[in-house]
Amino acid sequence: MLTDLHIAVIGGDARQLEVIRKLTELDAKLSLVGFNQLDHVFSGSSKKEIDELDFTEIDAIILPVKGTNMTGEVETIFSNEKIVLQQEMLKKTPEHCIVFSGISNQYLDGICTDSGRKLIKLFERNDVAIYNSIPTVEGTIMMAIQHTDITIHGSNVVVIGLGRVGMSVARTFACLGAKVKVGARKLEDIARITEMGLKPFFTSNLIDEVEQADIVINTVPYLVVTAKVISKMPLHTVIIDLASKPGGTDFRYAEKRGIKALLAPSLPGIVAPKTAGKIVANVISQILNEELQLGKEKS
Ligand code: NAP
């Protein structure tokens, strides 16, 4: 339980509602900033303007996935107000106050470091990335179905990268009956791909692996699907690039050659915002419980 913890939820989209719901269930006291157009009322929570927050009482601050922009502005879809998180605000919080964000930038890193407050970047955590790979794979399957005229079953799929997303993608497409090859660069990953019953190759040899590809799924956030690689693909190949913007594909050349190449960012928030919110909510509540609530009980 998070009884007696005062948490400020500042900005966000539909995913944040799951976080609010979970923290409410766990009995936290919530101040919601940037939610004045939200009709739903969560018990134990109050809507506030950022200037009305008493930062000296706040045990944790939860920001949206993107955190802030480079001038401290926080996005919200539930309000038209301009919300800016400033260093002076963080300095007023108790020393144990934790700031949560999906990702960060120089501004947010800077104000947290300079005010001595712990910043947890949720999307850099292995647990969040692995849980998030589940809706990411479902979104990838959706795109593969929408953009091909063949079944996934029996198709030739090339997955590039065996990280948190690549592993889930490779395993799931194989379970659906695709013939899956996976590119990696570490020997231990080559061993794992073999253990999974899939065909391994070194990503540096990608050019030799795409001649039969129906679907190429990239998870490497660097340019790996180069013009040379694309030039070897059959014209019906569909490239689904899951890597963060700008992806790892030469989209210009793909278009020139007439190969369908799709950059597909943020699939969890698109195909399963409720699940995506629950993933973040569960991890935040576990961290708050471990770091703040258990600390309070011990002292
Ligand atoms: P990850 O666990 O870090 O995996 C990245 C993979 O890329 C690893 O196999 C890594 O190999 C490989 N790699 C990195 N740099 C490389 C390079 N220069 N050359 C060859 N291989 C390289 O990351 P992840 O969690 O799977 O996420 C992958 C990407 O998808 C990220 O950009 C992430 O932001 C994005 N993502 C997108 C969605 C979406 O909805 N589209 C959802 C979640 C994540 P090593 O292990 O050898 O470094």
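Counting starts at 1 for both ligands and their atoms, in listed order. Residues take their numbers from the sequence shown, with the count starting at 1. All values below come from the heavy atoms of this structure, side chains included, with hydrogens, waters and symmetry mates left out. Computed from a predicted structure; not experimentally measured.
The closest approach between any non-hydrogen atom of S266 and ligand 1 is below 4.0 Å. Using a 4.0 Å cutoff on heavy atoms, N132 does not count as a contact of ligand 1.
The nearest heavy-atom contact from the protein to atom 8 (C) of ligand 1 is G163 N, 3.9 Å. In this structure, the protein non-hydrogen atom closest to atom 22 (C) of ligand 1 is V220 CG1, 3.4 Å. Counting only heavy atoms of the protein, atom 40 (O) of ligand 1 lies nearest to L267 N, 2.6 Å.
Between A264 and ligand 1, an N or O atom pair is found at a separation short of 3.5 Å. Close N/O approach between P221 and ligand 1 is not found [any backbone or side-chain N/O within under 3.5 Å].
Counting atoms of ligand 1 from 1 in the listed order, those under 4.0 Å from a heavy atom of T219 are 28 (C), 29 (C). Residue P265 approaches ligand 1 through these ligand atoms, each under 4.0 Å from one of its heavy atoms: 40 (O), 41 (N). Ligand-side atoms of ligand 1 in range of A243: 29 (C), 30 (O), 32 (O), range being under 4.0 angstrom from any heavy atom. Listed by number with element, the atoms of ligand 1 under 4.0 angstrom from any heavy atom of P268 are 40 (O). Every atom of ligand 1 with a heavy atom of T136 under 4.0 Å away is listed here by number and element: 38 (C), 39 (C), 40 (O), 42 (C), 43 (C). With ligand atoms numbered from 1 in the order given, ligand 1 contributes 9 (O) to contacts under 4.0 Å with heavy atoms of G161.
The backbone N or O of N36 sits nowhere less than 3.5 Å from a side-chain atom of S79 that would complete a donor-acceptor pair. The backbone N or O of S115 lies less than 3.5 Å from a partner atom in the side chain of R117, making a donor-acceptor pair.
For atom 19 (N) of ligand 1, the nearest non-hydrogen atom from the set E188, M167, R185, E124 comes from R185. Between atom 1 (P) of ligand 1 and the options K245, R164, M143, K186, the minimum heavy-atom separation is to R164. When L162, V128, V137, V165 are ranked by how near their heavy atoms come to atom 27 (O) of ligand 1, first place goes to V165. Comparing V182, L242, V271 against atom 38 (C) of ligand 1, the shortest heavy-atom distance belongs to L242.
Annotation for L162 and M167: closest pair CD1-CA, 3.8 Å, computed over non-hydrogen atoms. Of all non-hydrogen atoms in D13 and I77, the two that sit nearest each other are CA-CG1, 3.7 Å. Heavy-atom minimum distance, Q86 versus Y107: CA-OH, 3.7 Å.
Of the heavy atoms in S133, none comes closer than 4.0 Å to ligand 1. Of the heavy atoms in S244, both backbone and side-chain atoms come closer than 4.0 Å to ligand 1.
For atom 10 (C) of ligand 1, no protein heavy-atom neighbour is present inside the 4.0 Å cut-off.
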**OP:** Start with the C-alpha gap between K199 and E209, add the side-chain angles, then the distance that decides, and say whether salt bridge (Lys or Arg N to Asp or Glu O under 4.0 Å) holds.
**Re:** CA-CA 10 Å; K199 186 176 176 298; E209 302 293 338; 3.5 Å; yes

Subject >> Candidate pair D208 and K232, rule salt bridge (Lys or Arg N to Asp or Glu O under 4.0 Å), full reasoning >> reply: CA-CA 8 Å; D208 300 323; K232 299 282 180 197; over 6 Å; no

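Judged purely by distance below 3.5 Å, without hydrogens or angles, the side chains of D241 and T249 pair a donor atom with an acceptor atom. Between the side chains of S155 and D214, not a single donor N or O lies within less than 3.5 Å of an accepting N or O.
Residues K121 and D109 are paired through a salt bridge, judged by an N-O separation under 4.0 Å between the basic side chain and the carboxylate. Salt bridge annotation for E25-K22: absent, with no cationic side-chain nitrogen under 4.0 angstrom from a carboxylate oxygen. Taking a cutoff of 4.0 Å between a charged side-chain nitrogen and a carboxylate oxygen, E88 and K91 do not qualify as a salt bridge.
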